[in-house]
There are 2 protein chains.
Amino acid sequence: MATKNTTIRDVAREAKVSVASVSRVLNGTGGVTPETQRIVREVAARLHYVPDNAARSLITGRTHTIGAVLPDLYGEFFSELIRGIDLAARARGLHLLVSSSHDGVDAAAAAVRAMRGRVDGMLILSEHVDEKFLEENLPASLPAVLLDSPVKSTRFPVLNIDSRAGALAMVQHLIEKGRQNVAFIAGPKSNFDAQQRDKGYRAAMAKHAPDAPLNIVAGDFSEESGYRAGRELLAQKKRPNAVFAANDMMAVGCLYAFKEAGVDVPGDIALAGFDDILIARYVTPPLSTVQVRIADLGRIALERLAALLDPTDTTPASVQTLGCDIVVRETCGGNASAAPAPRKPKRPPST
Amino acid sequence: MATKNTTIRDVAREAKVSVASVSRVLNGTGGVTPETQRIVREVAARLHYVPDNAARSLITGRTHTIGAVLPDLYGEFFSELIRGIDLAARARGLHLLVSSSHDGVDAAAAAVRAMRGRVDGMLILSEHVDEKFLEENLPASLPAVLLDSPVKSTRFPVLNIDSRAGALAMVQHLIEKGRQNVAFIAGPKSNFDAQQRDKGYRAAMAKHAPDAPLNIVAGDFSEESGYRAGRELLAQKKRPNAVFAANDMMAVGCLYAFKEAGVDVPGDIALAGFDDILIARYVTPPLSTVQVRIADLGRIALERLAALLDPTDTTPASVQTLGCDIVVRETCGGNASAAPAPRKPKRPPST
DNA sequence: GGCGCAAACGTAAACGTTTTCATGGAAGCT
DNA sequence: AGCTTCCATGAAAACGTTTACGTTTGCGCC
């Protein structure tokens, strides 16, 4: 069990060459006779030799690993993001070190620092990260890409979802369907996306329904807060005829509040969410929402980071924004079919 | 940008002590005057010193990282599993290197080998892994825990979901509700869980409804295959009065097939799935299913692995099985309330 | 045949830690 | 006082690679 692992020296000895030659063969650096190569490879295979990554990293300064620092994420957003990152990383021969599940600026700082010497670059998604944070916690030489962040940095590329445009488009759609009185269920104040969606709502109202009153109720992205918001809206003297929730879970909560009160959706009140989570298409009636291509977000972020890793890269840091599309189902009075079409068959989870 | 990172030598020089002392202080090995400690810490903080993990790993042979090798997983199972693992890992000061998204035995082998020198142990969930595979691709000294696997090894602990018992309980429940003619929508032949659920179905039928015919239709865990299976069942001369699908997505597909055909669920046919994915409670009517505590699975697996990492550990390898509970909603003629209660507020995803 | 040159190969330094061992000095004991 | 014991500290080895540099070898050319 505790047998020593075979090292490059063992291979060298067995193959009757120097360690340098073994290294050259295995790395394809060239300058080795085909015959010698054959022998080395044969011996390496026979001894089950696998280079030790720690030693390799130490000398080369490269780990071929990138770190993903994420907040405490649940559900689809998380898995899709990781999937997008992992796929893109694999395509480039990079490994993925994930560090999720930490709220608080201290936890984030610890996570970032713990990656020193472990990764070549980082993908960071956290409310708590600003430029100062990065200056303090990131080694000067570590490239990083920020996801979904308000910071405008000259050093770090930022990749955002265009929440504002998505929200604007959806609210505009509702208004064009003849629902002027659009209410908005807001997300957490501190959340960047929530802020952007709020802005989108306001912009759409100002532009397309300037006479209608703004009607904003608080929420925190949870289903329960959506449910409460729904009841609150029903209690208003003048009920809105459309509700736009800052995310799908709140929209679902709101939907159940409406159902419970016997309010017809979309007959009495139209409803829309944001994110296009899986359940959006399974609630009754299926929920209109704004789709974010999360896996793409991960992929693009990783590609941006990979570019940074390449020393010949000269692309300046910039803020890039990923568009999102509205998907019209039934809750906003669209004309989709009654039963959702079976999803295109994806490879199923193993259980 | 490319400034050299500060090393332990820089700290030692600045603090006017030897590198040994700095190492001792920072690792809390003891044997250092409080005063010296103070100085070292102060200098280390001032210089933003962070130890290089590659060097540390090289000498200690420990990386404080565990690797998770997973197949190409989508959705909830994946994210919950990772979450469970990550949480438990963090609690132990371990990092998590994930390698998902690879089917095929070769990809799995490459993933496993690439982790040499990068991790202290591995969590492996893959159809393609058997004992021979591990012997060939795992360094002798690397501990590993297998998830959801049929292999019985003396060297590697295995952690399974008790799919068989869960399926048995659910089918038994359906029969006890008066539905003797339970049909089963099977999962992929090669999938271990699918096999276990099949066994559970057969066992329950044999024991509690020995006179009813077995009625098994094929599926592949996808919603679409569930939909097709549903239509197939409806076309039978003698329709079953209950359907148990090997996972929730197929149950949902089946449910839409029934809805489309105007079949009342659970009035005409009862329905149940397996996994308790999020959408199970949001379809109409809410789906009865078998709950798997996936995050727990991840947590327990990691704890098992962590125990293996401890050299004083003597626990022998064993096959451990994690129970699962049936959750009765409306599709099996249970008596749950009409609208699902809002879920207990979890921390919301960031978008 | 001597010369130079390039290709193949080997030697050893370097990477940044941890850890063993040696050393010096202070303190405790008789 | 002389002895041992113990503790804080430093010097240096070790971990397994890559790579700069030096050495050998083979070969063609004059």
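The chains referred to below are lettered A, B, ... by the order of the sequence lines, with proteins before strands, and numbering in each begins at 1. Computation of the quantities below employed the complete heavy-atom set of this structure, encompassing side-chain atoms and omitting hydrogens, waters and symmetry-equivalent molecules. Small disclaimer: the values here were computed from a predicted structure and weren't measured.
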Nucleotides 6-13 of chain C: protein proximity per nucleotide (B base, S sugar-phosphate only, - neither; heavy atom, under 4.0 Å): --SBBBB-

All salt bridge (Lys or Arg N to Asp or Glu O under 4.0 Å) counterparts of A:Arg46, not counting sequence neighbours: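 Scan of A:Arg46 (salt bridge (Lys or Arg N to Asp or Glu O under 4.0 Å), adjacent residues dropped) gives A:Glu14, A:Glu42.
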
Residues forming a salt bridge (Lys or Arg N to Asp or Glu O under 4.0 Å) with B:Arg293, sequence neighbours excluded: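 With sequence neighbours excluded, B:Arg293 shows a salt bridge (Lys or Arg N to Asp or Glu O under 4.0 Å) to B:Asp296, B:Asp325, given in chain and number order.
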
Give the rounded distance in Å between these two atoms: [atom1] of [X] and [atom2] of [N].
{"X": "A:Leu58", "N": "D:dT17", "atom1": "CG", "atom2": "P", "result": "12 Å"}
{"X": "B:Ile8", "N": "D:dG10", "atom1": "CD1", "atom2": "C1'", "result": "13 Å"}
{"X": "A:Asn27", "N": "D:dT17", "atom1": "CG", "atom2": "P", "result": "11 Å"}
{"X": "B:Asp52", "N": "C:dA14", "atom1": "CG", "atom2": "P", "result": "18 Å"}
{"X": "A:Arg56", "N": "D:dC15", "atom1": "CZ", "atom2": "C1'", "result": "16 Å"}
{"X": "B:Arg62", "N": "C:dT19", "atom1": "CZ", "atom2": "C1'", "result": "16 Å"}

With side chains defined as the heavy atoms from C-beta onward, is the minimum distance between [X] and [Y] less than 4.5 Å?
{"X": "B:Ser57", "Y": "B:His64", "answer": "no"}
{"X": "A:Asp193", "Y": "A:Ile161", "answer": "yes"}
{"X": "B:Leu308", "Y": "B:Pro157", "answer": "yes"}

Residue from B:Val158, B:Leu159, B:Val145, B:Asn160 passing side-chain contact (heavy atoms from CB on, under 4.5 Å) with B:Gln320: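 Only one of B:Val158, B:Leu159, B:Val145, B:Asn160 forms a side-chain contact (heavy atoms from CB on, under 4.5 Å) with B:Gln320, namely B:Leu159.
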
Inter- and intrachain pairs under salt bridge (charged side-chain N to carboxylate O under 4.0 Å, His left out), touching residues 48-61 of chain B, at least two apart: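 Checked against salt bridge (charged side-chain N to carboxylate O under 4.0 Å, His left out) - neighbours excluded - no pair reaches residues 48-61 of chain B.
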
side-chain N/O A:Asn53 vs D:dT17 OP1/OP2, d < 4.0 Å: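 For D:dT17, OP1/OP2 do not have a side-chain N/O of A:Asn53 under 4.0 Å.
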
Sugar-phosphate, base or nothing in reach of A:Thr60, heavy atoms under 4.0 Å: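 The residue A:Thr60 makes sugar-phosphate contact but no base contact.
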
Degree of bending, the helix from C:dG1-D:dC30 to C:dT30-D:dA1 (end axes from five pairs; round to 10°):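 The angle separating the two end axes equals 50°.
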
A:Asp10 bridged to A:Arg13 by N-O distance under 4.0 Å: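 Salt bridge between A:Asp10 and A:Arg13, a charged N being under 4.0 Å from a carboxylate O: yes.
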
Residue list, side-chain contact (heavy atoms from CB on, under 4.5 Å) with B:Val50, at least two apart or on another chain: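 If we apply the side-chain contact (heavy atoms from CB on, under 4.5 Å) test to B:Val50, skipping adjacent residues, the hits are A:Arg113, A:Arg116.
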
